[in-house]
Amino acid sequence: MSLPPEALPRHELERSLRRSRILNIVLGVVAVAALVFGLVQLGQGGSDTAESASNTAESGDDSASVENDTGSAATVGIERRIEGDPMAIGDIDAPVVMSEWVDFRCPFCAVYSRDTFDQIVTEFVDTGKVRIEMHDVAFFGDESVRAAAAARAAGEQGRYFQFVKAVYDAAPESGHPDLPPAQLIEFAKTAGVPDIAKFTKDMDREDLKQAVNESTAKAQQYGVSSVPMFASNGQAIAGAQPIDEFRKFLKQASAEAQ
């Protein structure tokens with residue numbers, strides 16, 4: 001039986017942490033490479049050949065980003081640019097679209113939401129430089145499906161991003177939280193969803209659940225095997241990165257878009 005971390009000698013604990021960090025970096029590189037492979041296949045009209053990803057993986061704090069030769073063409077079919085899209089924020093004609101994949105039970109998605117999202121909005125979205133388009137995935141079971149469907153239901157009443165914030169603000173630091181219907185209703189109230197009775201009925205709609213399942217399958221076709229995951233202009237970045245990493249990522253995407 002292995003000892004708990006607090007029982008290990010200091011040098012053994014440090015060695016264990018280094019191994020864990022190296023593994024996270026390797027997993028991050030693999031995840032991003034898979035995503036960009038999917039993006040390239042999509043840009044070449046071959047998205048059906050992208051390998052389906054494991055639906056149990058998620059990314060931590062280590063990042064990797066790569067670039068391919070197809071540039072912005074690699075995002076054809078991922079960017080929506082739909083007027084009035086409740087799951088998007090920012091100008092529809094913004095030079096850059098950052099596609100974001102999240103699972104509502106993902107702790108690292110919550111970290112990104114709490115620590116980084118608002119700053120990206122202030123620096124890039126509100127200034128007209130970037131549009132963010134959300135993609136939901138259900139990597140952690142039926143409760144992930146239900147929560148994503150609930151977010152879509154909130155979005156139909158114009159409160160999608162407020163609902164996302166309510167869920168992630170309440171998330172624990174680690175682990176996959178339970179999200180029963182009663183809790184989702186409380187999140188809707190916190191988010192200011194105007195018609196709670198309608199929301200309560202809508203969050204169980206089969207068409208919304210099916211939309212979540214289809215979004216998950218499409219993400220796997222693109223090579224998204226971890227969350228949170230971000231892609232823009234043929235590049236990808238994985239994990240709950242510090243704001244400086246997103247600044248570099250989005251500034252590079254902006255420069256290439258011009």
Side-chain angles (χ1 to χ4, degrees), residues 52-53 55-56 58 77-92 97-114 117-118 121 125 131-222 224 227-230:
S52 293
N55 59 353
T56 59
E58 67 178 318
I78 295 179
E79 295 181 7
R80 297 190 297 264
R81 293 192 185 268
I82 298 172
E83 192 69 51
D85 186 346
M87 295 172 63
I89 183 172
D91 294 344
I92 195 169
V97 171
M98 183 172 76
S99 301
E100 175 181 339
W101 288 266
V102 298
D103 185 305
F104 285 91
R105 300 184 68 207
C106 163
F108 296 115
C109 297
V111 170
Y112 161 79
S113 175
R114 291 191 296 259
F117 178 80
D118 287 345
V121 171
V125 177
R131 173 180 174 87
I132 297 176
E133 295 183 348
M134 303 291 288
H135 300 261
D136 45 25
V137 296
F139 286 169
F140 305 116
D142 291 341
E143 290 197 28
S144 292
V145 175
R146 181 168 57 206
R152 287 173 177 259
E156 290 185 351
Q157 297 193 46
R159 306 301 287 178
Y160 178 85
F161 284 92
Q162 293 83 351
F163 184 86
V164 173
K165 176 175 172 57
V167 172
Y168 286 142
D169 280 355
E173 291 297 324
S174 62
H176 306 135
D178 294 331
L179 296 174
Q183 184 64 67
L184 296 174
I185 293 170
E186 290 303 312
F187 289 143
K189 293 176 181 177
T190 300
V193 174
D195 191 336
I196 294 298
K198 183 178 187 302
F199 168 84
T200 302
K201 183 183 298 184
D202 287 347
M203 72 176 183
D204 285 325
R205 277 170 33 200
E206 288 303 319
D207 64 315
L208 295 184
K209 293 179 181 179
Q210 180 62 26
V212 174
N213 288 328
E214 290 174 357
S215 178
T216 302
K218 189 176 294 185
Q220 291 176 322
Q221 288 181 347
Y222 296 155
V224 177
V227 285
M229 181 73 75
F230 311 86

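Everything numeric in this text was worked out from a predicted model, so none of it was measured.
- Judged by distance alone, the side chain of T216 and the main-chain N or O of A138 form a donor-acceptor pair under 3.5 Å.
- Annotation: side chain to side chain contact (heavy atoms under 4.5 Å, CB included) contacts of D142 (sequence neighbours excluded): none.
- Applying the salt bridge (charged side-chain N to carboxylate O under 4.0 Å, His left out) rule to D207 yields the partners R205; only residues at least two apart in sequence or on another chain are considered.
- K189 is linked by a salt bridge (charged side-chain N to carboxylate O under 4.0 Å, His left out) to E186, counting only residues two or more places apart in sequence or in another chain.
- Here the side chain of E143 pairs a donor or acceptor atom with the backbone of L179 at under 3.5 angstrom.
- With sequence neighbours left out, the salt bridge (charged side-chain N to carboxylate O under 4.0 Å, His left out) criterion links E100 to no other residue.
- Aromatic ring orientation, W101 versus Y222: perpendicular (interplanar angle above 60°, classes split at 30° and 60°).
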Worked verdict on F163 versus V167 for side-chain contact (heavy atoms from CB on, under 4.5 Å): CA-CA 6 Å; F163 184 86; V167 172; 3.6 Å; yes

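- Inter-residue side-chain proximity for D178 and Q183 is flagged as unmet; no heavy-atom pair is nearer than 4.5 Å.
- Remark: side-chain polar atoms of R131 are not paired, donor with acceptor, to backbone N or O of V97 under 3.5 angstrom.
- Sorted by first and then second residue, the side chain to side chain donor-acceptor pair (under 3.5 Å) pairs with a member in residues 158-168 read K165-D169; sequence neighbours excluded.
- Of the possible donor and acceptor atoms, none in the side chain of D85 sits under 3.5 Å from a partner among the backbone N and O of R80.
- For the side chain to side chain donor-acceptor pair (under 3.5 Å) test, residues two or more places apart in sequence or in another chain that qualify with K198 are D202.
- With S113 contributing its side chain and C109 its backbone, the two residues share no donor-acceptor pair below 3.5 Å.
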Criterion side-chain contact (heavy atoms from CB on, under 4.5 Å) on Q220 and F139, from CA distance to verdict: CA-CA 10 Å; Q220 291 176 322; F139 286 169; 4.1 Å; yes

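- Between F117 and Y112, the two ring planes are perpendicular [angle over 60°; tilted spans 30° to 60°].
- Nearest approach of S215 to D136, heavy atoms of both residues: OG-O, 2.6 Å.
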